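Worksheet for the structure shown next.
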Amino acid sequence: MDIRLAIYFENATVAKFTLRHDDKSIPELLSGLVSRDKPLAVAMGAARCLTFMHRAGSLSTDDHRLQQFKKFVLEWSSARCPALRVSVQKRCRDIRATAAETLAYLAEVDTSLQRLAAISNHLMSSLADIVSCSSAAAKQGAFKCFASLGANDEDIRKRIIETHGLMVHIVNGMNNSEPT
């Protein structure tokens, strides 16, 4: 799945030429993997592949499969980690960070998705939780998501700024000289 992700990322020519495998289309196969009954890493990888295919231009904006994986990514961006073992919490945080980065990539060009995501109270607080964790990659995913959500709408930017404790993390991140 990681190989497909790398191939499809901002590569419209390749994304358009690899649309079939045997008798099924690649988007059909990937859509079947974006569900709760599949392992989470597989479902998230498939959603990321579909996202990159969409952004590369091989899936049109009216494709019915877009709504399915947008919903999946939005749900996992705003999911709460269970209060279980530390290893489970770390894995959950990593999945949430990946979902946030994928949502950021989707929302960059979709103003309706920006508005939908911005009205989700769980998403804003979940992204703020990710920003407060120690993982630089997770913080980067959450900040990308906040940037994409606030790119086109002043009301969304205001809501992001008013998210509890977020400005402190932004200032700290700007003052931090360590690369992320």
Side-chain angles (χ1 to χ4, degrees), residues 1-2 4-11 34 40-41 43-56 61 66-67 69-83 86-180:
M1 195 83 64
D2 289 340
R4 284 212 184 272
L5 286 171
I7 290 171
Y8 294 149
F9 184 69
E10 296 181 355
N11 197 340
V34 180
L40 190 51
M44 187 58 64
R48 287 177 58 84
C49 280
L50 287 165
T51 298
F52 294 162
M53 290 177 79
H54 168 61
R55 285 293 304 270
T61 55
L66 284 176
Q67 298 310 316
F69 73 86
K70 283 180 182 179
K71 181 181 175 193
F72 178 82
V73 169
L74 186 58
E75 285 175 1
W76 269 101
S77 297
S78 58
R80 296 282 182 205
C81 289
V86 173
S87 62
V88 173
Q89 287 182 345
K90 181 185 181 311
R91 184 170 165 258
C92 182
R93 183 195 64 224
D94 293 344
I95 291 289
R96 287 172 52 213
T98 301
E101 195 164 327
T102 305
L103 179 61
Y105 197 59
L106 277 170
E108 281 179 10
V109 295
D110 189 340
T111 55
S112 64
L113 182 59
Q114 290 171 6
R115 282 188 228 101
L116 176 66
I119 62 172
S120 168
N121 289 329
H122 292 296
L123 178 63
M124 294 298 176
S125 61
S126 180
L127 290 173
D129 288 346
I130 294 171
V131 166
S132 66
C133 76
S134 61
S135 167
K139 286 180 185 182
Q140 183 178 16
F143 280 136
K144 283 180 180 179
C145 194
F146 277 127
S148 290
L149 294 177
N152 298 312
D153 190 314
E154 185 61 37
D155 291 333
I156 296 173
R157 282 192 288 275
K158 182 179 181 208
R159 191 172 168 156
I160 291 169
I161 289 169
E162 292 172 349
T163 299
H164 178 71
L166 183 62
M167 292 309 294
V168 171
H169 290 291
I170 291 173
V171 171
N172 288 341
M174 292 172 69
N175 290 333
N176 188 353
S177 61
E178 294 179 26
T180 57

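Since we're looking at a predicted model, the values are computed, not measured. Counting begins at 1 with the first residue of the sequence.
From Arg55, atom CZ reaches atom CG of Asp110 across 10.0 Å, with rounding to the nearest 0.5 Å. To the nearest 0.5 Å, atom CD of residue Glu108 and atom SG of residue Cys145 are 10.0 Å apart. Here the straight-line distance linking atom CD of Glu101 with atom OG1 of Thr51 works out to 11.0 Å at 0.5 Å rounding. Atoms CG and CD1, from Leu40 and Ile95 in turn, are 4.0 Å apart once rounded to the nearest 0.5 Å. Note: Leu106 CG to Lys70 NZ = 6.5 Å, rounded to the nearest 0.5 Å.
At a threshold of 4.0 Å, the pair Arg115-Asp155 does not count as salt-bridged, since none of the basic side-chain nitrogens sits closer than that to a carboxylate oxygen. Remark: Glu162 engages Lys158 in a salt bridge, criterion side-chain N to carboxylate O under 4.0 Å.
Looking at every heavy atom in both residues, Ala138 comes nearest to Ala97 through CA-CB, 3.5 Å. Nearest heavy-atom pair, Ala142 versus Leu127, reported as atom, atom and distance to 0.1 Å: CB-O, 3.7 Å. Closest non-hydrogen pair, Ser148 versus Ala104, comes out as OG-O, 2.8 Å. Closest heavy-atom contact between Gly150 and Ile160: N-CD1, 3.8 Å. For the residue pair Arg157 and Asn152, the shortest heavy atom distance occurs at NH1-N, 3.8 Å.
Between the side chains of Gln114 and Asp153, not a single donor N or O lies within less than 3.5 Å of an accepting N or O.
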Under the criterion side-chain contact (heavy atoms from CB on, under 4.5 Å), I'd like the reasoning laid out for Leu103 against Leu113: C-alpha separation, chi angles, the key distance, then a yes or no. CA-CA 9 Å; Leu103 179 61; Leu113 182 59; 3.9 Å; yes
Worked verdict on Ser126 versus Arg96 for side chain to side chain donor-acceptor pair (under 3.5 Å): CA-CA 9 Å; Ser126 180; Arg96 287 172 52 213; 2.8 Å; yes
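Val131 places a side-chain heavy atom less than 4.5 Å from the side chain of Phe146. No side-chain heavy atom of Ile130 sits less than 4.5 Å from a side-chain heavy atom of Lys139. Between Leu149 and Leu123 there is a side-chain heavy-atom pair separated by less than 4.5 Å.
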